[in-house]
Protein chains: 2
Amino acid sequence: MKRLGLLCIGDELLDGRVRDKNAHHVMMRGEDRLFKVVEMRVVRDDEAHIIAALDAMSTADIIVVSGGLGPTADDRTRDAAANWSEDTLLHDETSLQRLQARAAARGYTLSENNRRQCSFPSRATILATEVGTAPGFRVDHKGTQAFFFPGVPREFQWFVQRYLLPVLGTDSDQQAATTRLQFYGPGESKLETDLAGIEELATRLQGRVGYRASFPRIEVSLKAPEEEALAEMVTFVKERIGTYLITEGHETFFARVGRRLKEAQATVAVAESCTGGMLGAALTETPGSSAWFERGFLTYANQAKIDAVGVHPELLEKEGAVSAAVVCQMARGAAREAGAPFGLAISGVAGPAGGTPEKPVGTVDFALATPEGTYHRRTYSPGRDRDDIRLASVYTALSLLLWRLEDRLEAHTLRGPFDDRQVDLGVPQPD
Amino acid sequence: MKRLGLLCIGDELLDGRVRDKNAHHVMMRGEDRLFKVVEMRVVRDDEAHIIAALDAMSTADIIVVSGGLGPTADDRTRDAAANWSEDTLLHDETSLQRLQARAAARGYTLSENNRRQCSFPSRATILATEVGTAPGFRVDHKGTQAFFFPGVPREFQWFVQRYLLPVLGTDSDQQAATTRLQFYGPGESKLETDLAGIEELATRLQGRVGYRASFPRIEVSLKAPEEEALAEMVTFVKERIGTYLITEGHETFFARVGRRLKEAQATVAVAESCTGGMLGAALTETPGSSAWFERGFLTYANQAKIDAVGVHPELLEKEGAVSAAVVCQMARGAAREAGAPFGLAISGVAGPAGGTPEKPVGTVDFALATPEGTYHRRTYSPGRDRDDIRLASVYTALSLLLWRLEDRLEAHTLRGPFDDRQVDLGVPQPD
């Protein structure tokens, strides 16, 4: 497993003008390859800083350097590379001729600055480009291979594909087995408590466990030397917190919901109040979504709930828009209007205003209409802002649907199923 | 001018799972503040690596550390901080009591792991949190102030606002007046070309100009020593590219659209196809949105377009769902169903599949229904992925509405207004 250091060069990457893309591009390639990124740095276009960073990163097997190879005077990378490797810059006529041919083909002439792009440390291996004006180069110095690539993301990515990945190889020999499981519901510390013992198991199997919270979901990553050990770890995790699993592997949560609907040859219709369209947007994020999503209703105002999905006016009057009875009529009504087997509805107080003592900001009602009846769930998330309440609501709604599609509903706290008559009569009430 | 080093900690930031947000958040704050980010690093959850990075960054005046303060065993930052500053960890009972009170208010009990979050280097200044479970802390060591903040972006940003920015101070002495203008439509290089001369003006006024592209919008930031000079720069910019202005100052684009509707005492109804709810979500993002948004229709399937907003079946058959005639009927129908003065509709080919030679992926039709008739616009964005096409579509739709509300429509290329009879007859056609 090769150890990689990534070094990105450029003032614009430190003053907020540009958010680095290149380092992330390499990192994402790590999954199936025999390397591990041990550090990433961003430094200014300053020769001393670049040299210091190269020195410090020389403990890595490979350093990938991005940027600072442009034609202008503030591009300092080639000088730094020469100094770092105790070498001098040498003009390369072949590179210049290539550059001139390219310029001629495009009808412009080279500037004096472009000539600078054809100087390289004398012992470097020059890496020709087919996608821009700046060639890259490779310097082998004190046991470290340093690749210098242009910083323009399109060019950088081409260099990675062409020159870096072949050197790294894939892990088909070692079969380092990895997967990710995503969970929604409990917090990170509860998950870790429930998973007590996983670290010991991982150690015994020479595997690894990692946690990451990315609101509102939590991801558990598992690695093992081979598939069998990985499977043992996955089983361990699922036995303990599988109730809250929303997806695993490369599939996104939203894509999994869509796939389950497609497998069931079913569609879902939505009726959204406080989320205002976010639920529909999530259901249509994945290509091919017309297989499971045909329509939805954004019923933000009370009159819209009455007109579009047939909520009873007197029920709205009596229970309020954020109530079990109303949200069940919304879900049932959306499914009926759409002729869909499933209906999903959200109505809540996203704030910052609009809270009451009985229904404070953060109170959200959910309903899932199904062929066997309509389920209700209420959540309350104090202290969250409007964006977070809305985003978490999408996750809660879609997890209800997923659990129903995967026959996992009974493990969760919810009310129902209420039959159509009960929904019509406004029977559903929160506990 | 204080020199800042940024250190982000976490395996997930190096293996491609998460792209760092926090460092970029601090960098962007540099604009109005007296600091300069000299370096940014990302290291693994590894004590030795963290300590080495802190040591190397000690030449900075301030180090901001993000991450590794969670409750789990792989969170190594507090141990590293203690070792780096030649200190030991000490349990803080006050922090624990706060955490317990928070847990009690939310009806859960603390895990043993949460106790870990209440240990700090004994000489550290503890920074209480109001947004999560992890307190931060500050360590002053060998002339460097190191701030340790939780890595969850929402929490990190709160800590920056509360504890870091006050220490950095603003450049109110030198650059009192600042503003930002956001544009949507042309690319960054066209904007820069159109703004030729702004650098000279800024230099003469001792001000500054900055550009930032944040897809799909472009932000131009302006600074000047006093308001009068700033006003001169703003006028210069608006005279040249004001056509594409979507908002300015602190107000978001979506909030500005909402405010304009509110000022006009008008509401807008939406009919969305390829965006599947993103337009409604944008219109309800801003608190108080019930003043301008009451309902919408997610008409993903053709039958939904017919049932919910009254598109004529024979028109759909003849023109296809992505067509000027159909999208105008969608917008008109949405407004009519909602009894709203304005209707906004989107129908397009977001891809990756579904393109044809006549309507390739990236073709999107927009319609804006108004009291004076219905306008149509078609855009074509080749080479963009599904997410980008959908996001840009929301911007195009809302900019049409904004320009109508601000009487700026005539500066843009669109067809119409078509009266209701023309819309009924399917008259609108692309050029």
Side-chain angles (χ1 to χ4, degrees), chain A residues 14-17 19 24 27-31 37-44 49 56 188-190 192-193 199 210-215 219 221 270 272 275-281 283-284 287-290 293-301 303-304 308 338 351-353 382 386-388, chain B residues 11-12 14-19 24 27-28 30-31 37-44 49 56 70-74 105-106 111-114 152 154 210 212 270 272 275-281 283-284 287-290 293-301 303-304 308 338 351-353 386:
Chain A
L14 286 169
D15 64 15
R17 272 178 290 163
R19 191 172 161 208
H24 189 68
M27 291 169 187
M28 287 195 303
R29 297 316 190 81
E31 201 162 295
V37 177
V38 291
E39 188 180 350
M40 184 278 229
R41 294 194 195 197
V42 185
V43 300
R44 298 201 164 256
H49 281 117
E188 189 176 358
S189 56
K190 163 147 175 62
E192 199 179 344
T193 307
E199 296 287 353
Y211 300 86
R212 180 173 71 86
S214 172
F215 185 82
E219 191 177 292
S221 66
V270 302
E272 306 186 49
T275 45
M278 294 172 71
L279 182 56
L283 282 162
T284 56
S289 54
S290 56
F293 185 80
E294 293 181 355
R295 76 183 73 183
F297 304 90
L298 309 183
T299 55
Y300 210 65
Q303 192 59 44
R386 182 178 179 88
D387 290 346
D388 282 358
Chain B
D11 290 1
E12 73 279 7
L14 285 169
D15 63 16
R17 274 177 291 161
V18 179
R19 191 171 159 208
H24 189 67
M27 290 169 188
M28 286 196 302
E31 201 164 297
V37 176
V38 292
E39 188 181 351
M40 184 278 227
R41 292 193 195 199
V42 185
V43 300
R44 298 201 164 256
H49 282 118
T72 68
D74 60 2
R106 291 166 186 231
S111 69
E112 191 51 38
N113 281 332
N114 286 122
V152 177
R154 191 176 56 95
R212 183 164 63 229
V270 301
E272 305 187 51
T275 45
M278 294 173 71
L279 181 58
L283 281 163
T284 56
S289 54
S290 56
F293 186 80
E294 292 181 355
R295 78 183 70 182
F297 304 90
L298 310 183
T299 56
Y300 210 65
Q303 193 59 46
R386 181 178 178 89

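Throughout, protein chains are lettered first and strands after them, A, B, ... in sequence-line order, and every chain is numbered starting at 1. Bear in mind the structure is a predicted one, so any value in this text is a computation, not a measurement.
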Shortest non-hydrogen contact from B:V37 toward A:R44: O-NH2, 2.8 Å

Chain B interface, residue from A:A56, A:S221, A:A304 that has the most non-hydrogen pairs under 4.5 Å: A:A304

With side chains defined as the heavy atoms from C-beta onward, is the minimum distance between B:L283 and A:Y300 less than 4.5 Å? no

Is there a side-chain contact between B:Q303 and A:R295, using heavy atoms and a 4.5 Å cut-off? yes

What distance separates A:T193 OG1 from B:N114 CG, expressed to the nearest 0.5 Å? 7.5 Å

Less than 4.5 Å to any heavy atom of chain A: does that hold for the side chain of B:V270, its backbone, both, or neither? side chain

Which is it for A:R19 and B:R19 under the side-chain contact (heavy atoms from CB on, under 4.5 Å) test, yes or no, and what are the steps along the way? CA-CA 10 Å; A:R19 191 172 161 208; B:R19 191 171 159 208; 3.6 Å; yes

Is it the side chain or the backbone of B:T275 that comes within 4.5 Å of chain A heavy atoms, both, or neither? backbone

Looking at B:R154 and A:D388, what are the two nearest heavy atoms and their distance? CD-OD2, 2.7 Å

How close do A:M278 and B:A281 get, counting heavy atoms only, and between which atoms? CG-CB, 3.5 Å

Quick one: which of B:G210, B:G70, B:P287 has the most heavy-atom pairs under 4.5 Å with chain A, could you say? B:P287

Options B:G296, B:A301, B:G280, ranked by heavy-atom pairs under 4.5 Å with chain A, top entry: B:G296

Using non-hydrogen atoms only, which part of B:E272 is less than 4.5 Å away from chain A: side chain, backbone, both, or neither? side chain

With a 4.5 angstrom heavy-atom cut-off, could you sort out which part of A:T299 is near chain B: side chain, backbone, both or neither? backbone

From the list B:V42, B:V43, B:V152, B:L279, the residue making the most non-hydrogen contacts under 4.5 Å with chain A is B:V42

Of all heavy-atom pairs linking B:T284 and A:R386, the shortest is O-NH2, 2.7 Å

Among all residues two or more places apart in sequence or in another chain, which pass the salt bridge (charged side-chain N to carboxylate O under 4.0 Å, His left out) test with A:R41? A:E39, B:E39

